[in-house]
Amino acid sequence: MPNDYDVIIIGSGAGGGTMAYSLADTGKKILLLEQGTFLPREKRNWDPHFIFGEDGYKAKVEWLGPDGGQEKVHPIVYHRVGGNTKMYGALLHRQRPEDFTEMKHKGGISPGWCVGYDEFEPYYMMAEHLMKIHGNRGEDPTEGPASGPFPFKAFPHEGRIAEVVEQLKDLGLHPHHSNLALNRDIDEPWKRPCIACNTCDPFPCMLHAKSDAETAMVRPALKHKNVSLWTNTRIDQLIEEGGKITRLEGERDGEKISLSADLIIVSCGAINTAALLLKSRVANSSDQVGRNFTKHNQSGISAIDPRNPNDVVFQKTLGCHDFYHGSPEHPYPLGTIQLTGKAHWTRIMGDYGHLNMDETRARFVQKYAVDFWFTSEDLPDPRNRIEWTGKQIKFNYRPNNRESHFEFLDYFQQNYLEKMGFTEFLRSTKELEFTWHQAGTAQFGTDPKTSVLDPNCKAWDLDNLYVVDASFQPSQGATNPTLTIIANAIRVADHIRKDWFGEGKSLSTDDYPLSDGYMADNAGANLSVNSYSSNDDDSWGA
């Protein structure tokens, strides 16, 4: 009996969306599944009181907490078409070449990869085209070789941020323009939808001008008649027979479903992918599924100089990687510094709620602060794992490599921010609920005894199962992971097109044209959602 589809992709985020886009022109019958719905296009998209409130489009999810830690975890996750990218900050870096090799940290070892930077580089170029990345090559002293320029010119620094850039340069640093995934023409901004506003993170873009997985990948893929999308569809079980996944079982709109395909691609995010494999009891002969979870150490510092208001609307233009591999005082990696979007006072009250901040103080901080964000690597540990209890996920994770992370914050504050005239500093470190950068639960490698996936991200134990979210990553470096997820998914798609579909041609940047329009105008796309009305979850505003 023939299968229902040639390819089924579970999950419509960065990895799944990329696969749908990269395989759409093959003519194969492709079904993309999403457990959530389209995020509604409505005025609340840009309402900070809603976004930072109890609702804010967040999925109602509860996990068991780690052994010896908090009992319950309520993560900030989004079950929507496009996944967590709907709310991300759209700042997409490549990992550095050294991140693909073994690196010694203060807290331990970050392992090397079975695939190096040189193999990833052309796929990084394609990913930068797909995501409409802005930036200037050569500014960042840690960046690896690139086979071409960024697709779009960098967003310029403005006002107070331009002053901060010059101060950092005067102190001997090399600040660079952030690599932003936004659909804007810097010289002729009326040609593209981005308006460089103050709602870039963590808001959804009401204009569909942010290159999230829905707008940049899923919608263009759905223009192909052979690609379909089902929303409100949850897969609960992968059924294995004879070394293959022969059936998917789950629910669609509350009704039981059973599906089959020649090729199954899982991209549910590192946590939910691990849970699906564990509950299905597949792909785990190595006993590594769910292990080695990482999510980065992340902290913010709102630095205040009450003499100098910061009235810049779009402040997320500055990055600094001078301490990526350490400092003169730190012979081990520290991490990255970037700016967040300009924080609204409601977000400030949430971020610094532990300081008993009232609205008056929060408004003062909004007026005078420059908001810095610090990311450091946490290290894979087989004891840091996702478990399936039979009823729910257990998030058995404990932070590590934090000593150097806090040294990083102190070092930058004392040796740079204070010398620049900042006098007040508010800090917030993100704890268990913040799983934005989840990775590592189904690592790829060259040995099926110690890894879940082969170098092409096919499960060692199964002939037709691939995983293309960040589960495959042995480590993350200290960069935002989305571009690496996308580049790897393109790399896997290239492999599938050749080895499964018999194509001789390799993918290139020509397959990811910069001219591709991707506003919400695909009303005729081949998708299936419930009937909807204004303010419904499915009022997706085509």
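Every ring-ring contact (aromatic ring centres under 6.0 Å, His included) that F152 has, sequence neighbours left out, goes to H134. Legend: residues meeting ring-ring contact (aromatic ring centres under 6.0 Å, His included) with H129, ordered by chain and number and at least two apart, are absent. Scanning for ring-ring contact (aromatic ring centres under 6.0 Å, His included) contacts around F52 gives F203, with sequence neighbours left out. Residues passing the ring-ring contact (aromatic ring centres under 6.0 Å, His included) test with H79, sequence neighbours excluded: none. Under the salt bridge (Lys or Arg N to Asp or Glu O under 4.0 Å) criterion, K72 pairs with E62, not counting sequence neighbours. In this structure T429 satisfies the side-chain contact (heavy atoms from CB on, under 4.5 Å) test together with S299, R402, F406, E431, sequence neighbours excluded.
Inspection of the Y117 and R94 side chains reveals an N or O donor paired with an N or O acceptor under 3.5 Å. T37 and R80 are linked by a side-chain donor-acceptor pair at a separation below 3.5 angstrom, with hydrogens and angles left out of the test. Counted by atom type alone, R234 and N232 present zero donor-acceptor pairs between their side chains at under 3.5 Å. Between the side chains of W46 and T199, at least one donor N or O lies within less than 3.5 Å of an accepting N or O. Counted by atom type alone, W460 and S451 present one or more donor-acceptor pairs between their side chains at under 3.5 Å.
The salt bridge (Lys or Arg N to Asp or Glu O under 4.0 Å) pairs that include a residue from residues 442-468 number zero, where partners must be two or more places apart or lie in different chains. Residue pairs that meet the salt bridge (Lys or Arg N to Asp or Glu O under 4.0 Å) test with at least one member in residues 14-36, sequence neighbours left out, are D25-R497. Within the structure, every pair that satisfies the ring-ring contact (aromatic ring centres under 6.0 Å, His included) test and touches residues 53-73, not counting sequence neighbours, is listed here: F50-Y57, W63-F395. Applying the ring-ring contact (aromatic ring centres under 6.0 Å, His included) test to pairs two or more places apart or on separate chains, those with a residue in residues 430-455 are W113-F444, H296-H437, F434-W436, F444-F472. The salt bridge (Lys or Arg N to Asp or Glu O under 4.0 Å) contacts involving residues 482-493 comprise E119-R491, where partners must be two or more places apart or lie in separate chains.
Within the 3.5 Å criterion, the main-chain N or O of Q392 finds a donor-acceptor partner in the side chain of T389. Without hydrogens or angle criteria, T336 side chain to A478 main chain gives a donor-acceptor distance under 3.5 Å. At least one donor-acceptor pair under 3.5 Å links the side chain of D511 to the backbone N or O of S508. Counting only distance, with no hydrogens or angles, the side chain of N284 and the backbone of V289 share a donor-acceptor pair below 3.5 Å. Using modelled atom types, no side-chain atom of N488 and backbone atom of V492 make a donor-acceptor pair closer than 3.5 Å. At least one donor-acceptor pair under 3.5 Å links the side chain of N226 to the backbone N or O of A24.
Contact check for Y21 versus I486: no side-chain heavy atoms found under the 4.5 Å cut-off. The shortest distance between side-chain heavy atoms of L278 and R281 does not fall below 4.5 Å.
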Going by atom type alone, with no hydrogens or angles, which donor-acceptor pairs under 3.5 Å involve a side-chain atom of residues 258-271 and a protein atom two or more places apart or on another chain?
residue	atom	partner	partner atom	Å
S260	OG	N3	OD1	3.2
S260	OG	D4	N	3.1
S260	OG	D4	OD2	3.3
D262	OD1	N3	ND2	2.7
S267	OG	G16	N	3.0

